[in-house]
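Right, one structure below, let's go through it.
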Amino acid sequence: MIESKVSYHPDQRGYYGNFGGAFIPEMLYANVEHLRKCYLEISHSTSFQEEFNSLLKDYVGRPSPLYHAKNLSKKYGATIYLKREDLNHTGAHKINNTIGQILLAQRIGKKRIIAETGAGQHGVATATVCALMGIECIVYMGEIDIERQAPNVARMKMLGAQVRPATSGSKTLKDATNEAIRDWINHAEDTHYIIGSAIGPHPYPDMVTRFQSIISEEIKSQLKEKTGSELPDYVVACVGGGSNAAGAFYHFLEDESVKLVLAEAAGKGIDSGHSAATSILGSEGIIHGCKTLLMQTEDGQIVEPYSLSAGLDYPGIGPLHAHLIKSGRATVYAATDDEAMHSVLEISKMEGIIPALESAHALSVLSQMNLREEDTVVMCLSGRGDKDLDTFVNYLEKKENG
Amino acid sequence: MDGTTIENRIKESIQKNKGRILNVYFTAGYPKLDDTVQVIESLAREGVDLIELGIPYSDPLADGPTIQKSGEQSLKNGMTLETLFSQVKQARVTTDTPIILMGYFNQMLQYGPEKFLSSAADSGVDGFIIPDMPMYVYEEEYYTLFQKYNLSISFLVSPMTSEKRIKKAADLSSAFVYVVSQSSITGKSGEISPQQISYFEKIRNILGDHPSLIGFGIHDKSTYDLACTYADGAIIGSAFIRALNEEGDIPTLVHNFIKKIR
Ligand SMILES: Cc1ncc(COP(=O)(O)O)c(C=O)c1O
């Protein structure tokens, strides 16, 4: 019997199963269509590959280590490896994508770069590559996020980027993304939009996933070196829009023995009305140009999410992830603000690594996974916690004062 | 595919006033939830040819600040699709002016496409503009449903749309082709540039007889007149919403605004 195999790659129109596509106003069609036609050819070209790989190595500092976290392993009763994306230049995985996209933007002749950012990591990573290449950079950021991620705002400004506050809606990542898309409509001819996650109209989810896939490419060879097998039992990653997860999963998608785990932000609790557990609370619909799972009302109004973590505070999820979840290839767990904060402290004290609040969500779900002694788990430590110090300090003070 | 077979109020109205069509947009449930009917009736009384009723949306990607804010206010006022359909039904008691709903594709999907179209048709809606619904999706999945409920659709073209695609938009648009005047979101209010004029001329040459209206940035008499020179008429949105914000009762505000346009 021939089994029909589920594909984890987008078809011609950008669908992963039921999810994906490009649902955009006509004013963006020409740009998105042009990207669709050229992104594979350009990113596979020798000159692109050489420049991309050399920047990842000498500028970003790749490969990022795969670290055997012995203390966490003991605590959770399995062998746990941390993929140290926090050690990248600018402090998170986001730069893998912005390097790829800036090289692409140059090759299609764009003179101006825009981006959205939540935690500010993608904004910093975009401002960084724009500084490097001498290209004008405008970053949209929700007014609330500008407050809670102040160090990253300062960094973006130092790097020469203009940070524009998004003041509509919940004033967070969703609204920053709306503003960036509107800017793109207004400047369609000269501007490239560097989306920061595996979201948006096709080809963005696939493009971002491919640029981030260096994460799983390295995990495979590093794990082989350390354990003799390139396949772990689990790969775990937090998911906002899904770029670090997509990158950490990519080269394992067809290795069905490897279980893929997504950690969503439950905020104050899944049923609290203050949550960003998108796939659990969401239903099929369209957000920012793609069909996927999102949090919405019966009337199709997009619901404002909540998470203490700005990078996970997004009401949608990438279409690849929606497909992985619905087809059973990936499993989702959620962690609350409190659980994530607990994990931040745990990784800090047990391993001497202060993680980003986003990344800590991935650790928080380990206890829900029924791990066995013989399991090997790779957890994507997507970023470092410097940007969150204010949030950590405020949280701890509040706890102390009851 | 022949997209022009929908015989309804829109087609009649366009035929009657081709060349001087005035299509006025406003957001349903704005300024107050129950103002929808009065604004529709006032516009009808002033003799506008088409009324475009915006369904407020949480994430209106193609819209500028004026329409965004009106939508936010309308949602705060408690607007829902259910309420909107009942308001249209109420307006239909007194007015026959064609009503076109403008909304985003997610609203139609989430409500259920057939229920969405049948409720709209039932209430007296004549057509739709859904700027983020791809043409192929309409063609392959919804063309038949739009036919079934005798609802028209209009697709957008912009300065970056290729000739082939402009023809496709014309083929599929059963009401009119929506000519977006510049690569921008709604609400810009500058003069019309020579570049835009040559773009309008190009579109007119490609479209031939197919009805078209120019929208985005049409905000006063001179931009309306200019649009009428290069297309069958114009769509005014943000400028009208700004007028609704002024002091005064709705019939007077609407009267004064339309009088200034034509
Ligand atoms: C450190 C870190 N991890 C994770 C995320 C979530 O994004 P994604 O799901 O695209 O990886 C962010 C987003 O800002 C981030 O800064």
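Quick note on labels: first sequence line is chain A, next is B, and so on, each numbered from 1.
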Least distance between heavy atoms, Ile286(A) atom then Asn106(B) atom: N-OD1, 2.8 Å

Chain A contacts, top residue of Asp63(B), Thr80(B), Ile185(B) (heavy-atom pairs, under 4.5 Å): Ile185(B)

Winner by heavy-atom pair count (cut-off under 4.5 Å) against chain A, out of Glu82(B), Glu140(B), Glu72(B), Met133(B): Glu140(B)

Chain B contact via Tyr29(A) - side chain, backbone, both or neither, heavy atoms under 4.5 Å: side chain

Best-contacting candidate, Tyr111(B), Tyr104(B), Tyr136(B), against chain A by heavy atom pairs under 4.5 angstrom: Tyr136(B)

Contact summary for Met27(A) and Leu156(B), nearest pair of heavy atoms: SD-CD2, 4.1 Å

Polar side chain donor-acceptor pair, Glu26(A) to Thr161(B), under 3.5 angstrom: yes

Residue Leu294(A) versus chain B: region with a heavy atom under 4.5 Å: side chain

Heavy atoms of other groups near Glu147(A) CD, more than 12 under 6.0 Å: no

Leu109(B) and Lys291(A), any side-chain heavy atoms less than 4.5 Å apart: yes

Engaged part of Leu81(B) at the chain A interface, taking heavy atoms whose separation is under 4.5 Å: both

Interface residue of largest heavy-atom contact number with chain B, from Glu189(A), Gln296(A), Glu304(A), Lys174(A), under 4.5 Å: Gln296(A)

Side-chain touch Arg13(A)/Pro134(B), heavy atoms, less than 4.5 angstrom: no

4.5 Å side-chain heavy-atom contact, Ile24(A) and Asp132(B): no

Chain A contact via Pro159(B) - side chain, backbone, both or neither, heavy atoms under 4.5 Å: neither

N/O donor-acceptor pair under 3.5 Å between Arg182(A) side chain and Ser184(B) backbone: no

Carboxylate-amine/guanidinium proximity below 4.0 Å for Glu33(A) and Lys164(B): no

Lys202(B), NZ atom: more than 12 neighbouring heavy atoms under 6.0 Å: yes

Donor-acceptor pair between Asn186(A) and Lys188(B) side chains, under 3.5 angstrom: yes

pair Gln110(B)-Glu298(A): side-chain heavy atoms closer than 4.5 Å: no

Interatomic distance, Gln107(B) atom CD to Gln301(A) atom CD [nearest 0.5 angstrom]: 5.5 Å

Between Phe105(B), Phe155(B), Tyr178(B), Phe116(B), the one whose heavy-atom pairs under 4.5 Å with chain A are most numerous: Phe105(B)

Identified side chain to side chain contact (heavy atoms under 4.5 Å, CB included) partner of Leu61(B) from the options Thr177(A), Asn178(A), Ile287(A): Asn178(A)

Residue Leu75(B) versus chain A: region with a heavy atom under 4.5 Å: side chain

Part of Gln68(B) lying under 4.5 Å from any heavy atom of chain A: side chain

Proximity breakdown for Met108(B) and chain A, heavy-atom pairs closer than 4.5 Å: neither

Proximal component of Val157(B), with respect to chain A [non-hydrogen, under 4.5 Å]: backbone

